[in-house]
Amino acid sequence: TGASNVSSCLPCNPGDYQNVAGSATCKSCSTSSTSIDPGATVCTCLGLNRGFQPSDGYCTCDPGFEFYDGNYNVQTGDGEVDCQPVVYERCSDSQ
């Protein structure tokens, strides 16, 4: 990043990422993720069962997973707590 041509690019610092080669700036990992190595193209999510979205830097639950706040309400979007498998009610024999 921060160079006039791709051959003179510098790697992003730890805690930052850039998923577009040759970009002039680095993006910061959100509070729900981190990058340890210089030159990262993605950040690593802190919570389990989460996927990093380079477009906005958020870590959202993987499909089939959800997370709860301190009041046990289902939440969506960015976060650093572990996502749990979605539990569906079973149908009774009469359904």
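All values below come from the heavy atoms of this structure, side chains included, with hydrogens, waters and symmetry mates left out.
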**Study point:** Heavy-atom side-chain proximity of D82 to Q84 below 4.5 angstrom
**Key:**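 Yes; the side chains approach each other to less than 4.5 Å.
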Check your understanding: Less than 4.5 Å apart, any side-chain heavy atom of S28 and any of D16?
Key ->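 Yes. Closest side-chain heavy atoms under 4.5 Å.
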**Study point:** CZ (F65) with more than 12 external heavy atoms under 6.0 Å
**Key:**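 Enclosed: over 12 neighbouring heavy atoms sit under 6.0 Å from CZ of F65.
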Practice item. Scan side-chain atoms only and decide if T41 and N19 contain a donor-acceptor pair under the 3.5 Å cut-off. Key: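 No, no side-chain donor-acceptor contact under 3.5 Å.
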Testing the basics here: between [X] and [Y], what is the closest heavy-atom pair and its distance to 0.1 Å?
X	Y	result
G22	C9	CA-SG, 3.9 Å
T60	D78	CG2-N, 4.3 Å
L46	T31	CD1-O, 3.5 Å
Y68	V81	O-CG2, 4.4 Å
T25	Q18	O-NE2, 2.6 Å
N49	C83	ND2-O, 2.9 Å

Please check: side-chain N/O of [X] versus main-chain N/O of [Y], any donor-acceptor pairing under 3.5 Å?
X	Y	answer
S30	G57	yes
N71	N73	no
T44	S35	no

Review point. Between Y17 and C12, does a side chain to side chain contact (heavy atoms under 4.5 Å, CB included) hold up when you go through it step by step?
Key: CA-CA 6 Å; Y17 75 101; C12 294; 5.9 Å; no
Point to revise | Face-on cation placement of R50 at Y58 ring, 6.0 Å and 45° thresholds | key: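 R50 over Y58 ring: no.
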**Study point:** SG atoms of C43 and C59 less than 2.5 angstrom apart
**Key:**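 Disulfide absent: SG-SG distance not under 2.5 Å.
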